[in-house]
Amino acid sequence: DVQLQASGGGLVQAGGSLSLSCAASGFTFDDYNIGWFRQAPGKEREGILCIGNSDASAYYADSVKGRFTVSTDNAKNTVYLQMNSLKPEDTAVYYCVKENTYYSGTIAGKKSVDFDYWGQGTLVTVSS
């Protein structure tokens with residue numbers, strides 16, 4: 001079974017940092033792009049980044065560009081999300097997701113429908 005296990009969420013003060021991990025299993029990790037979405041209370045789900053399976057290139061939404069950095073350890077089938085300069089508006093449940101297209105070749109402009117498996121999410125709370 002495909003599984004994506006996100007972890008590392010917690011409470012942090014504004015301006016602080018937090019690192020999330022996403023452990024993937026049940027599929028060939030190198031064959032699919034991985035994305036991160038977040039959903040804040042009362043708000044729509046937001047795609048914040050996508051990392052390419054072939055060359056680890058990454059696309060970032062404007063809301064996190066320059067503050068968040070994504071990386072992968074293919075040997076461990078794990079994606080890492082380093083979040084710096086956190087703001088209260090970053091408060092949300094963060095989800096790692098697997099794209100549904102084998103070797104899609106693109107990382108920008110992805111939407112929820114482009115991903116077929118979602119992890120359980122991890123809560124990040126940024127206090128002001």
Side-chain angles (χ1 to χ4, degrees):
D1 291 352
V2 173
Q3 291 190 1
L4 297 132
Q5 185 80 23
S7 61
L11 174 64
V12 64
Q13 288 189 333
S17 298
L18 208 58
S19 181
L20 305 183
S21 298
C22 173
S25 61
F27 64 99
T28 303
F29 186 74
D30 296 353
D31 290 348
Y32 297 89
N33 294 341
I34 298 294
W36 283 89
F37 281 72
R38 66 184 181 185
Q39 188 163 20
K43 295 189 176 182
E44 291 188 359
R45 189 179 295 167
E46 176 192 13
I48 58 172
L49 67 89
C50 181
I51 184 164
N53 63 299
S54 58
D55 59 1
S57 58
Y59 168 84
Y60 297 90
D62 289 343
S63 57
V64 303
K65 193 178 298 181
R67 299 187 299 121
F68 290 14
T69 303
V70 66
S71 61
T72 61
D73 184 336
N74 286 17
K76 296 182 178 180
N77 287 1
T78 300
V79 180
Y80 302 99
L81 177 57
Q82 178 65 38
M83 305 185 296
N84 298 328
S85 303
L86 283 162
K87 306 174 183 180
E89 51 263 45
D90 293 319
T91 294
V93 177
Y94 284 71
Y95 301 90
C96 59
V97 294
K98 168 191 164 293
E99 190 170 359
N100 54 22
T101 302
Y102 173 83
Y103 269 92
S104 72
T106 62
I107 55 173
K110 300 294 184 180
K111 301 189 183 304
S112 298
V113 295
D114 295 315
F115 300 91
D116 54 2
Y117 286 94
W118 294 65
Q120 86 288 356
T122 186
L123 176 62
V124 172
T125 304
V126 184
S127 63
S128 57

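If you're wondering where the values come from, they're calculated on a predicted model, not measured in any experiment. Start at 1 with the first residue, then count along the sequence.
With sequence neighbours left out, the side-chain hydrogen bond (donor to acceptor under 3.5 Å, both in side chains) criterion links Y32 to no other residue. By the salt bridge (Lys or Arg N to Asp or Glu O under 4.0 Å) test, R45 is found to be paired with no residue, residues two or more places apart in sequence or in another chain being considered. Listed by chain and number, the residues in a ring pair (Phe, Tyr, Trp, His ring centres under 6.0 Å) with F37 are F115, W118 (sequence neighbours excluded). By the side-chain hydrogen bond (donor to acceptor under 3.5 Å, both in side chains) test, S71 is found to be paired with no residue, residues two or more places apart in sequence or in another chain being considered. For K111, the side-chain contact (heavy atoms from CB on, under 4.5 Å) test picks out V113, D114, with sequence neighbours left out. Residues passing the side-chain hydrogen bond (donor to acceptor under 3.5 Å, both in side chains) test with N33, sequence neighbours excluded: E99, S104.
In this structure, CD on Q82 lies 7.0 Å from OG1 on T69, to the nearest 0.5 angstrom. Here the OG1 atom belonging to T78 is positioned 6.0 Å from the CG atom belonging to D73, to the nearest 0.5 angstrom. One finds the NZ atom of K98 at 10.5 Å from the CG atom of N53 (value rounded to the nearest 0.5 Å).
Both L86 and L49 belong to a single network of hydrophobic side chains, linked directly or stepwise wherever heavy atoms of I, L, V, M, F, W or Y lie under 4.5 Å apart. With hydrophobic clusters built from ILVMFWY side chains whose heavy atoms lie under 4.5 angstrom apart, M83 does not share a cluster with Y95. Hydrophobic clustering (side-chain heavy atoms under 4.5 Å, transitive across Ile, Leu, Val, Met, Phe, Trp, Tyr) keeps Y80 apart from V64. Under the 4.5 Å side-chain contact rule for hydrophobic residues, Y117 and I107 do not share a cluster.
Applying the disulfide (SG to SG under 2.5 Å) test to pairs two or more places apart or on separate chains, none has a residue in residues 23-70. Counting only residues at least two apart or on different chains, the side chain to side chain donor-acceptor pair (under 3.5 Å) pairs with a member in residues 58-68 are E46-S63, D62-K65, R67-D90. Among residues at least two apart or in separate chains, side chain to side chain donor-acceptor pair (under 3.5 Å) pairs with a member in residues 1-17 are S17-N84.
Through ILVMFWY side-chain contacts below 4.5 Å, L11 is grouped with nothing and stands alone.
Using a 4.5 Å cut-off on side-chain heavy atoms (C-beta onward), L4 and V97 make no contact. In this structure, the side chains of V70 and I34 stay at 4.5 Å or more apart for every pair of heavy atoms.
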Tabulate below the donor-acceptor pairs under 3.5 Å that side-chain atoms of residues 119-128 make, not counting sequence neighbours, or state none.
{"unit_1": "Q120", "atom_1": "NE2", "unit_2": "A6", "atom_2": "O", "d": "2.8"}
{"unit_1": "T122", "atom_1": "OG1", "unit_2": "G9", "atom_2": "N", "d": "3.0"}

Which side-chain N or O atoms in residues 19-31 pair as donor and acceptor under 3.5 Å with protein atoms at least two apart or in another chain?
{"unit_1": "D30", "atom_1": "OD1", "unit_2": "N74", "atom_2": "ND2", "d": "2.9"}

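In terms of heavy-atom proximity, T72 sits nearest to A56 at OG1-CB, 4.5 Å.
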